[in-house]
Amino acid sequence: MTQRRIIVVDDDDDIRLLVALSLRQIGGHDVRTCSSGSDALELAIEWLPDAVLMDVRMPVMDGPTTAMRLAGQAETSTIPVVLMTASVRQEQRSSLAGLGVAGVLAKPFNPMTLSDDLAAMLAWT
Amino acid sequence: MEPTLVETGRILRAGPTLRIGPDLRVWAEGEAVPALFGGHTCVGLSVLTLLPDLQDSDFGHGRRRDEEAAWMPIETTAARSDGSTFLAEVSIEQDRRSAAGGGLLCHLSDLSQLSATELLSRRERSRAQLILSAVSDAIFSVNASGRIEFANPAACVMLKRRRSDLIGEPLEGVIEHAYADGSAFTADSSPLALTLSDGISRRAQDTTVLRRDSNRLSVDLSCSAIFEGGEVSGGVVTITDVTERLALEKRKDEFLSVVSHELRTPLTSIRGSLGMLAGGVFGKLPTDAAQMVDIAMSNTQRLSRLVSDILDLERLAAGRMPMQLQTLDVSQLVRDIARQQGPAASQAGVALRLDVSSATTIADAHHLTTAIVNLVSNAIKFSSAGGSIELVTRCDADITSISVRDWGRGIPLDKRSEIFERFSQVDVADSTIKGGTGLGLAIAAHIVHALEGRVELDSDVGVGSTFTILLPRAEAETVSVS
């Protein structure tokens with residue numbers, strides 16, 4: 001699998017670490033992390049990653065809002081966003097999928113298949 | 001505070017009425033009053049002396065009532081100054097002409113001349129009125145063309161309208177009964193119009209009515225026809241304010257969503273860490289350590305399933321799980337489920353057999369799949385290695401059925417009714433040994449119920465069990481407008 005540049009955004013330190021570890025160790029990707037939507041917006045402009053993997057529920061600026069802002073700024077508008085949600089609700093997941101994001105990942109996720117799941121969602125080869 | 005003479009005269013001319021002040025003393029009386037009280041005037045006396053069985057609260061209560069509220073007549077004893085008494089009916093109402101407020105009008109009628117039968121029928125009528133005015137739901141009666149003939153006090157309060165603005169008006173026109181989003185019912189879907197035309201009772205949940213202040217109120221509305229001589233002569237409409245219930249449901253929903261998130265966030269970290277350890281990302285684990293990690297992993301998965309199941313069940317039980325209904329090919333659905341459950345079955349050493357014939361129903365694919373999967377995984381759990389499970393679909397004129405049959409230990413008769421309850425297991429040890437959440441069957445039953453079907457259980461101890469989901473083959477005719 002080609003190495004990709006991925007930004008992981010989650011306000012939970014443990015999950016941020018886990019996701020990053022999984023994507024680095026198993027997927028072999030280049031990963032940077034941040035803990036808020038506003039940091040993600042800055043980092044995305046500066047680093048221009050191949051994808052942003054982001055928690056839905058974050059304080060101040062949540063995942064969907066950050067995704068919309070990313071889509072709204074010219075430099076980052078083409079970066080695919082995958083949202084992670086702990087919501088079990090079918091309709092909530094469908095409404096997230098309707099936001100125009102590249103995909104929705106359910107928490108808890110399997111760290112061993114996370115890179116593959118992400119690649120499948122983004123049609124990476 | 002004293003009323004003017006002119007005013008007093010106008011009010012009291014009509015009949016045996018006492019005008020009383022906030023101190024409950026009689027300010028003025030109608031011409032007919034002295035005759036009732038042995039030729040003596042009542043002016044200046046306390047109404048509590050004249051009507052000794054009544055208390056302050058009988059009047060105080062009345063004063064607090066909404067101006068549109070009915071003033072229920074009270075049957076009580078009236079005392080004359082010579083010590084003799086007579087049975088009287090007393091209706092108390094607010095004196096709107098009293099400039100300073102707080103005054104009351106007290107209308108008396110002498111019941112002592114009535115026969116026992118007449119008294120009885122008066123009491124029956126007054127009891128019925130009392131009930132209608134005590135209920136907190138709005139109750140209307142309408143004639144055959146839907147015009148309001150009666151509205152109880154709660155109806156006036158709910159719609160913020162005077163009774164006189166309601167009587168004779170078409171009910172549908174006044175309340176503008178509509179869906180939750182305010183869009184109006186059509187002539188074909190208006191519950192009241194339909195009930196008046198076919199006589200069938202209807203209930204419309206989560207709808208709205210219009211108040212005089214132009215706000216829409218969330219209500220449940222039910223209507224029933226009144227029959228006279230075999231014909232629908234009118235109807236009774238009951239409206240319940242559900243604002244509070246909806247607010248509570250919303251808060252419960254938010255609470256569940258927070259709980260879901262708060263529980264799943266730590267689970268995500270635990271599951272993730274264990275997953276990477278077990279996956280050998282940090283080197284191969286010693287056999288014992290690997291086993292421990294596996295135990296921790298499978299229990300984390302169970303916990304996370306439990307969280308989803310509890311939340312699902314909560315919403316299903318409350319009837320708040322959105323269903324996306326579509327025509328489904330049940331045989332195809334069952335084939336997919338068999339393929340998907342294949343690994344779990346072979347892991348348990350159980351053979352999965354299919355006997356499907358073409359069958360269709362109208363259901364939500366995701367939820368129906370969950371229901372069937374729960375039955376299948378239940379069957380796998382209770383089959384011994386080397387056993388088998390059969391999935392059967394059938395279709396007759398009206399019913400589509402999906403059966404899951406196992407040759408496991410069967411369910412004793414006394415457990416059959418409770419097996420669909422939450423956290424119910426035939427054996428208390430089952431949740432530990434079989435690893436189920438105890439919610440699978442409850443969820444399946446709730447889903448099928450929400451799809452207007454039912455689950456039947458046929459079981460013999462030592463022989464096996466068959467769970468059968470029965471669903472309407474085509475969309476059943478429904479009178480529900482919700």
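Chain letters run A, B, ... following the sequence lines, proteins first, then strands; residues in each count from 1.
With sequence neighbours excluded, the residues satisfying side-chain contact (heavy atoms from CB on, under 4.5 Å) with B/A296 are B/L274. Here B/R216 pairs with B/E176 under the salt bridge (charged side-chain N to carboxylate O under 4.0 Å, His left out) rule; sequence neighbours left out.
Inspection of the A/T76 and A/R69 side chains reveals no N or O donor paired with an N or O acceptor under 3.5 Å.
Near-neighbour residues of residues 276-290 of chain B relative to chain A, defined by a heavy atom under 4.5 Å from a heavy atom of that chain, comprise B/M276, B/G279, B/V281, B/F282.
Using a cut-off of 4.0 Å between Lys/Arg side-chain N and Asp/Glu carboxylate O, B/D312 and B/R305 are scored as not salt-bridged.
Proximity to chain B (any heavy atom under 4.5 Å) is shown, for A/L18, by both the backbone and the side chain. With a threshold of 4.5 angstrom between heavy atoms, A/D12 approaches chain B through side-chain atoms but not through N, CA, C or O. Contacts of B/V259 with chain A are absent, with no heavy-atom separation under 4.5 Å from either backbone or side chain.
Residues A/T66 and A/M58 share a closest heavy-atom pair of OG1-CE, 4.4 Å.
Within the structure, the salt bridge (charged side-chain N to carboxylate O under 4.0 Å, His left out) test picks out the following pairs touching residues 34-48 of chain A (sequence neighbours left out): A/R32-A/E46.
Taking CZ of B/R454 as the start and CD of B/E452 as the end, the distance is 13.0 Å to the nearest 0.5 Å.
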